[in-house]
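A short write-up of the structure that comes next.
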Amino acid sequence: MDAGTGLVEDLMSRIIQIFDTTLRDGEQSPGASMNTGEKLEIARQLVRLGVDIIEAGFPISSPGDFESVRKIGEEVGDAVVVCGLTRAVAKDIEVAADALKTAKRPRIHTGIGASDNHIKYKFRISRDEALERAASAVKLARSFVDDVEFYAEDAGRADPEFLCRMIEAVIKAGATVVNIPDTTGYTYPEEFGALIRGLREQVRGIDTVTIAVHCHNDLGMATANALAGVKNGAGQIECTVNGIGERAGNCSMEEVVMALRQRSRYFDADTRINTKEIIRTSRLVSSITGINIQPNKAIVGANAFAHSSGIHQDGVLKERSTYEIIDPVDVGAGGSSLVLTARSGRHALRHRISELGYQLPDAEFQKVYEEFLNIADKKKEVYDEDLDAIISDRSKHTAEIYVLKQLRAESGTGITPIATVELEVDGTLIRESGLGDGPVDAVYRTIAAITRTQSKLEAYLVKGITGGTDALGEVTVKVEEEGKKVAGHGADTDIIVASAKAYINALNKLEYWKKGKEKSS
């Protein structure tokens with residue numbers, strides 16, 4: 001097994017190539033246009049992810065696309081195949097070949113419509129003319145590069161007999177990959193699988209090339225159709241990160257990759273994708289394109305590993321696999337999330353309270369649980385801040401080892417931020433000063449020096465509780481030490497003071513936890 005990818009190569013008879021077209025077809029999503037710098041950033045991440053082919057753009061479409069293909073080819077070296085799209089037009093192919101001169105592993109992706117709908121209404125030519133253009137385009141592309149992929153556009157609606165003739169003609173002309181796209185998302189899995197199977201059985205020379213599938217999601221079938229293609233002999237899946245693309249989008253990279261990884265024995269296939277880079281890649285693409293990920297999106301959505309039902313929460317806390325077929329860690333997610341609602345049970349609530357640093361006796365926990373239910377009936381979700389408010393007389397549960405007495409922070413243009421903090425530590429006043437990259441950083445460094453904490457700050461969040469320039473600000477931090485994570489909260493009209501209060505609150509919870517740990521041992 002490859003420790004980085006989870007791939008079990010010795011058990012799999014087939015490795016499916018992942019052809020990522022986020023930078024070409026994905027960019028065709030309305031509003032998702034990317035500049036060259038942004039495409040380069042995503043391309044670097046796609047290399048870390050481990051895709052086999054990057055379709056970097058459509059070179060003749062614009063100078064920007066030409067430059068993106070050229071620079072990506074120059075940047076990635078021989079790590080991946082770099083592909084440029086063309087129509088079955090000589091000028092397109094010549095321009096793509098020019099853009100791909102920097103690539104160590106170049107591929108030209110050319111093609112033409114295969115369905116009567118496209119041939120008649122889009123190109124207004126005959127079937128024979130379509131065949132001649134297809135073969136000529138492949139021959140010209142092969143004169144520039146050794147790796148040529150041919151796409152039979154709208155193959156999902158093409159006459160199967162004519163499609164076989166077209167694929168046979170382009171293989172004879174020198175194609176190394178034949179792409180069978182369901183361009184309009186028209187087919188269903190059984191139908192699309194049968195189409196791929198039919199090509200394998202009827203096209204001469206098909207065993208000498210790779211069959212690729214490129215499925216769109218107009219009827220929500222893109223992932224299922226792509227997997228049906230693999231089941232019937234396809235060796236390459238064309239997909240995009242987060243499933244972005246024309247209209248309803250493309251086959252989703254993360255979905256097909258994890259389907260093959262989880263059900264590799266069923267498909268007798270897997271990919272070389274480093275799945276632990278999936279979440280990072282997804283978030284990068286979302287950030288650059290401005291296309292938000294729907295919460296219930298498979299694999300990468302905010303709710304993909306979230307549980308709100310008490311029954312589910314109890315099961316996951318006892319054994320994650322009861323309700324999760326994918327370990328969140330395997331795709332780069334932090335872990336499972338228990339969403340506290342009126343449907344949550346005692347097990348989940350006690351778990352969350354423990355994470356916040358509280359250890360409550362059973363009788364006291366019952367009172368907190370009853371109050372929790374009252375609040376949960378009034379709002380959709382109960383947050384950590386709500387639980388802190390519910391647990392009254394906080395000092396009884398979280399000993400205040402550290403108490404903030406005084407704080408002064410200075411920052412501004414041309415000066416190094418400095419903070420002076422006075423803490424009461426077990427009744428003793430300690431005053432220290434420290435520098436930082438900003439006023440909050442200076443405060444936190446100074447507090448860390450005074451308390452000698454070994455903890456690590458994992459998250460820092462600021463929000464306004466009230467409106468206006470004199471708003472009361474609330475800061476939430478998450479701190480980790482020895483695998484224990486706690487949340488700290490602080491509120492003040494001065495956001496620097498609120499930040500200090502939140503950090504100290506978290507450190508007090510850690511101290512309480514450490515003392516309880518010492519007693520139990």
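Along the sequence shown, the residues carry numbers beginning at 1.
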(message) Check this for me: does any side-chain nitrogen of one of D128 and R165 sit under 4.0 Å from a carboxylate oxygen of the other?
(response) yes
(message) Tell me which one of E238, R105, E149, Q17 satisfies side-chain contact (heavy atoms from CB on, under 4.5 Å) with I53.
(response) Q17
(message) If you count every heavy atom of other residues, nucleotides or ligands that lies below 6.0 Å from R247 atom CZ, does the total exceed 12?
(response) yes
(message) Between D20 and T22, is there a side-chain donor-acceptor contact under 3.5 Å, judged purely by atom types and distance?
(response) yes
(request) With side chain to side chain contact (heavy atoms under 4.5 Å, CB included) as the test, would you mind laying out the steps for Y186 and D218 before giving the verdict? (result) CA-CA 7 Å; Y186 176 75; D218 297 71; over 6 Å; no
(message) Does R350 have more than 12 heavy atoms from other residues, nucleotides or ligands lying within 6.0 Å of its CZ?
(response) yes
(message) Quick test of your reading of the model: are D159 and R127 salt-bridged, counting only N-O distances below 4.0 Å?
(response) yes
(message) Give me the atom names and distance for the closest heavy-atom approach of E38 to I288.
(response) CB-CG2, 3.6 Å
(message) Can you tell me how far apart CG (L140) and CD1 (I108) are? Round to the nearest 0.5 Å.
(response) 7.5 Å
(message) Within this structure, what is the CZ-OH distance for the pair R87 and Y151, rounded to the nearest 0.5 Å?
(response) 8.0 Å
(message) For F162, is the CZ atom crowded, meaning more than 12 foreign heavy atoms sit under 6.0 Å from it?
(response) yes
(request) Ignoring hydrogens and angles, tell me if any N or O in the side chain of S286 forms a donor-acceptor pair with the backbone of I291 under 3.5 Å. (result) yes
(request) Can you establish whether the number of heavy atoms outside K71 located under 6.0 Å from its atom NZ is more than 12? (result) no
(request) For R261 and I326, indicate whether the former's side chain and the latter's backbone hold a donor-acceptor pair under 3.5 Å. (result) no
(message) Show, in sequence, the C-alpha distance, side-chain angles and deciding distance for I211 and I167, and conclude whether the side chain to side chain contact (heavy atoms under 4.5 Å, CB included) test is met.
(response) CA-CA 10 Å; I211 300 175; I167 298 304; over 6 Å; no
(message) Which heavy atom of V178 sits nearest to which heavy atom of A175, and what is that distance?
(response) CG1-CB, 4.5 Å
(request) Please determine if K39 and D65 form a salt bridge, counting it only when a charged side-chain N lies under 4.0 Å from a carboxylate O. (result) yes
(request) May I ask you to decide if K485's main-chain N or O and K478's side chain share a donor-acceptor pair within less than 3.5 Å? (result) no
(request) Of all the heavy-atom pairs spanning N225 and P189, show the shortest one and how long it is. (result) OD1-N, 2.9 Å
(request) Evaluate the side-chain proximity of F372 to L340: yes if any heavy-atom separation is below 4.5 Å, no if none is. (result) yes
(message) Ignoring hydrogens, what is the shortest heavy-atom contact between I279 and A333? Give both atom names and the distance.
(response) CG1-N, 3.7 Å
(message) Within the supplied structure, the quantity of interest is the number of heavy atoms (other residues, nucleotides, ligands) at a distance under 6.0 Å from K231 NZ; does it exceed 12?
(response) yes
(request) For atom CZ of R142, decide whether the heavy atoms of other residues, nucleotides or ligands shown that lie under 6.0 angstrom number more than 12. (result) yes
(request) Could you check if a side-chain atom of L40 sits within less than 4.5 angstrom of a side-chain atom of R44, using non-hydrogen atoms only? (result) yes
(message) For a 4.5 angstrom cut-off between non-hydrogen side-chain atoms, does L23 reach S68?
(response) no
(request) For the residue pair H214 and N250, confirm or rule out a side-chain donor-acceptor distance under 3.5 Å. (result) yes
(message) Just by distance, no angles: are the side chains of S282 and K297 close enough, under 3.5 Å, to form a donor-acceptor pair?
(response) no
(request) Would you please say whether a donor-acceptor pair under 3.5 Å links the side chains of T21 and T240? (result) no
(message) When you measure from the side chain of R200 to the backbone of I206, do you find a donor-acceptor pair of N or O atoms at a distance under 3.5 Å?
(response) no
(request) Look only at the side chain of R48 and the backbone of N274, and say whether a donor-acceptor pair between them is shorter than 3.5 Å. (result) no
(message) Quick check: closest heavy atoms across A506 and V486, and the distance to 0.1 Å?
(response) O-CG2, 3.5 Å
(message) Is the shortest side-chain heavy-atom distance between T110 and D92 below 4.5 Å?
(response) no
(request) Indicate whether any N or O donor in one side chain lies under 3.5 Å from an N or O acceptor in the other, for T102 and E74. (result) no
(request) Assess whether atom CZ of F305 is packed by more than 12 heavy atoms of other residues, nucleotides or ligands within 6.0 Å. (result) yes
(request) Side-chain contact test, heavy atoms from C-beta onward, threshold under 4.5 Å: evaluate it for H347 versus K318 and give yes or no. (result) yes
(request) Indicate whether any N or O donor in one side chain lies under 3.5 Å from an N or O acceptor in the other, for S252 and T223. (result) no
(request) State whether the side chain of T187 and the backbone N or O of G156 hold a donor-acceptor pair below 3.5 Å, judged by distance alone. (result) no
(request) Answer yes or no: is there a donor N or O on one side and an acceptor on the other, between the side chain of D52 and the main chain of I18, under 3.5 Å? (result) yes
(request) Could you tell me whether a side-chain N or O of E246 sits under 3.5 Å from a main-chain N or O of G249, the two making a donor and an acceptor? (result) no
(request) Over all heavy atoms of both residues, which pair between P59 and L85 is shortest? Give the atoms and the distance, please. (result) CD-O, 3.3 Å
(request) Please tell me if the side chains of I196 and V230 come closer than 4.5 Å, counting only heavy atoms from C-beta onward. (result) no
(message) Is it the case that the side chain of S29 and the backbone of G245 share a donor-acceptor pair, with hydrogens and angles ignored and the cut-off at 3.5 Å?
(response) yes
(message) Contact between F192 and V213 at the side-chain level, heavy atoms closer than 4.5 Å - yes or no?
(response) yes
(request) State, without any angle test, whether T322 and E319 hold a side-chain donor-acceptor pair at a distance under 3.5 Å. (result) no
(message) Using side chain to side chain contact (heavy atoms under 4.5 Å, CB included), reason through F123 and R133 one step at a time and then give a plain yes or no.
(response) CA-CA 11 Å; F123 296 101; R133 286 193 191 183; 4.2 Å; yes
(message) Rounded to the nearest 0.5 Å, what separates atom OG1 in T176 from atom CZ in R107?
(response) 5.5 Å
(message) Quick check for you: to the nearest 0.5 Å, what is the distance between N35 atom CG and E27 atom CD?
(response) 9.5 Å
(request) Would you please test E255 and L227 for side chain to side chain contact (heavy atoms under 4.5 Å, CB included) and show each step? (result) CA-CA 10 Å; E255 292 176 11; L227 292 171; over 6 Å; no
(message) Would the distance check show the side chain of E67 and the main-chain N or O of T36 forming a donor-acceptor pair, the cut-off being under 3.5 Å?
(response) no
(message) Are the side chains of C164 and L199 in contact, using a 4.5 Å heavy-atom criterion?
(response) yes
(request) Is it possible for you to check whether K101 lies under 6.0 Å from the centre of the six-membered ring of F144, through NZ or CZ, and within 45° of that ring's axis? (result) no
(message) Could you measure the distance from the CG atom of L49 to the CD1 atom of I273? Nearest 0.5 Å is fine.
(response) 4.0 Å
(message) Using 0.5 Å steps for rounding, measure from the CD atom of E94 to the CD1 atom of I60.
(response) 8.5 Å
